[in-house]
Peer 1: 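Shown below is the structure under consideration.
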Amino acid sequence: MADKIKDAKIIFVVGGPGSGKGTQCEKVVEKYGYTHLSSGDLLRAEVASGSERGKQLQAIMQKGELVPLDTVLDMIKDAMIAKADVSKGFLIDGYPREVKQGEEFEKKIGAPALLLYIDAKAETMVKRLMKRGETSGRSDDNEETIKKRLDLYYKATEPVIAFYESRGIVRKIDSELSVDEVFKLVSQAIDNLK
Ligand SMILES: Nc1ncnc2c1ncn2[C@@H]1O[C@H](COP(=O)(O)OP(=O)(O)O)[C@@H](O)[C@H]1O
Ligand SMILES: Nc1ncnc2c1ncn2[C@H]1C[C@H](O)[C@@H](COP(=O)(O)OP(=O)(O)O)O1
Ligand SMILES: [Mg+2]
């Protein structure tokens with residue numbers, strides 16, 4: 001089964017909370033027809049299902065912590081397999097969040113062709129998340145949890161970027177710009193893949 005996904009292009013989309021990953025992924029879907037898989041969205045769907053596992057996940061996410069690696073990797077892999085026949089490529093948004101997640105992904109699924117590093121200042125991310133929190137209904141979009149998510153991002157996720165930089169697949173995107181300006185940079189990075 002996993003063989004089917006081996007030839008599809010895989011793009012990791014990494015950046016801090018509120019940096020604009022989801023916003024840019026939506027636009028990539030529109031323009032390039034890639035399949036967007038957000039680990040956070042997959043987890044929130046499990047929470048919304050009301051399952052026992054969802055309840056456990058909700059408690060972890062509300063604290064701004066990372067859920068167990070196996071849980072999130074299995075969800076992504078299942079979603080990829082479900083789309084393998086129709087997908088030109090995959091945007092993996094919000095994963096890997098630590099180096100170990102990247103290593104396990106490559107063992108079980110395959111190697112990324114590109115890592116889009118969506119970069120914004122901490123101050124900008126906090127501002128955007130507080131604003132998003134007014135309407136998102138997300139239990140982690142509050143001041144206390146945002147601070148924890150940011151701390152964890154710098155501690156656990158930034159090393160992911162250094163890990164893939166040595167392979168030359170990282171494209172750093174300035175996400176302080178307007179959504180459309182950011183998307184121009186994202187498009188250039190994807191066009192260069194071809
Ligand atoms: N370039 C941008 N300029 C201004 N606001 C942005 C930009 N990109 C995203 N946003 C806003 O910031 C918030 C977080 O964006 P989102 O895409 O959900 O980030 P992430 O998925 O990285 O957490 C959203 O409310 C979004 O509308
Ligand atoms: N790859 C991953 N590993 C572990 N936990 C994850 C994960 N992706 C998401 N989560 C959990 C912890 C995150 O704080 C929460 C929300 O993730 P998210 O929706 O990707 O946030 P954001 O888009 O604001 O960066 O879900
Ligand atoms: Mg998101």
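Whatever order the structure lists ligands and atoms in, that order sets their numbers, starting from 1. Quick caveat: nothing in here was measured; it's all calculated off a predicted structure.
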Peer 1: So which heavy atom in the protein is nearest atom 3 (N) of ligand 2, and how far is it from that ligand atom?
Peer 2: Gln101 NE2, 2.7 Å
Peer 1: Any atom of ligand 1 sitting under 4.0 Å from a heavy atom of Thr124?
Peer 2: no
Peer 1: For atom 26 (O) of ligand 2, which protein heavy atom lies nearest, and how many Å away is it?
Peer 2: Met61 CE, 3.4 Å
Peer 1: Taking 4.0 Å as the limit for heavy-atom contacts, which would you say applies to Ile60 with ligand 2: side chain only, backbone only, both, or neither?
Peer 2: neither
Peer 1: For atom 11 (C) of ligand 2, what is the nearest protein heavy atom, given as residue, atom name and distance?
Peer 2: Leu43 CD1, 3.6 Å
Peer 1: We want to know whether Glu52 and Gln56 form a side-chain donor-acceptor pair, criterion being a heavy-atom distance below 3.5 angstrom.
Peer 2: no
Peer 1: Select one of side chain, backbone, both or neither to describe which atoms of Arg138 lie under 4.0 Å from any atom of ligand 2, heavy atoms only.
Peer 2: side chain
Peer 1: Please work out, at 4.0 Å between heavy atoms, whether the side chain, the backbone, both, or neither of Arg128 comes within that distance of ligand 2.
Peer 2: neither
Peer 1: If you count the atoms of ligand 1 from 1 in the order shown, which ones are under 4.0 Å from a heavy atom of Gly16?
Peer 2: 22 (O)
Peer 1: For the hydrophobic clusters of this structure (ILVMFWY residues joined by side-chain heavy atoms under 4.5 Å, transitively), does one cluster hold both Tyr117 and Val99?
Peer 2: yes
Peer 1: Consider ligand 2: state whether an atom of it lies below 4.0 angstrom from any non-hydrogen atom of Met125.
Peer 2: no
Peer 1: Side chain of Gln101, backbone of Arg97: donor and acceptor closer than 3.5 Å?
Peer 2: yes
Peer 1: Look at atom 9 (C) of ligand 2 and say which protein heavy atom is nearest, naming residue and atom and giving the distance to 0.1 Å.
Peer 2: Arg97 NH1, 3.4 Å
Peer 1: Among all protein non-hydrogen atoms, which one is nearest to atom 24 (O) of ligand 2, and what is the separation to 0.1 Å?
Peer 2: Arg149 NH2, 2.7 Å
Peer 1: At what distance is the nearest protein heavy atom to atom 23 (O) of ligand 2, and which residue and atom is it?
Peer 2: Lys21 NZ, 3.9 Å
Peer 1: Does ligand 2 have a heavy atom under 4.0 Å from the side chain of Glu65, from its backbone, from both, or from neither?
Peer 2: backbone
Peer 1: Any idea which protein heavy atom is nearest atom 3 (N) of ligand 1, and the distance to it?
Peer 2: Arg128 NH2, 3.2 Å
Peer 1: Work out whether the distance between some heavy atom of Ser19 and some atom of ligand 1 is less than 4.0 Å.
Peer 2: yes
Peer 1: Given that the side chain starts at C-beta and the backbone is N, CA, C, O, which of these parts of Val67 lies under 4.0 Å from ligand 2, counting heavy atoms, or is it both or neither?
Peer 2: both
Peer 1: Which ligand 1 atoms does Gly20 reach within 4.0 Å, using its non-hydrogen atoms?
Peer 2: 8 (N), 9 (C), 15 (O), 16 (P), 17 (O), 19 (O), 20 (P), 22 (O)
Peer 1: Is there a side-chain contact between Thr71 and Arg53 in this structure, where contact means two heavy atoms from C-beta onward sitting under 4.5 Å apart?
Peer 2: yes
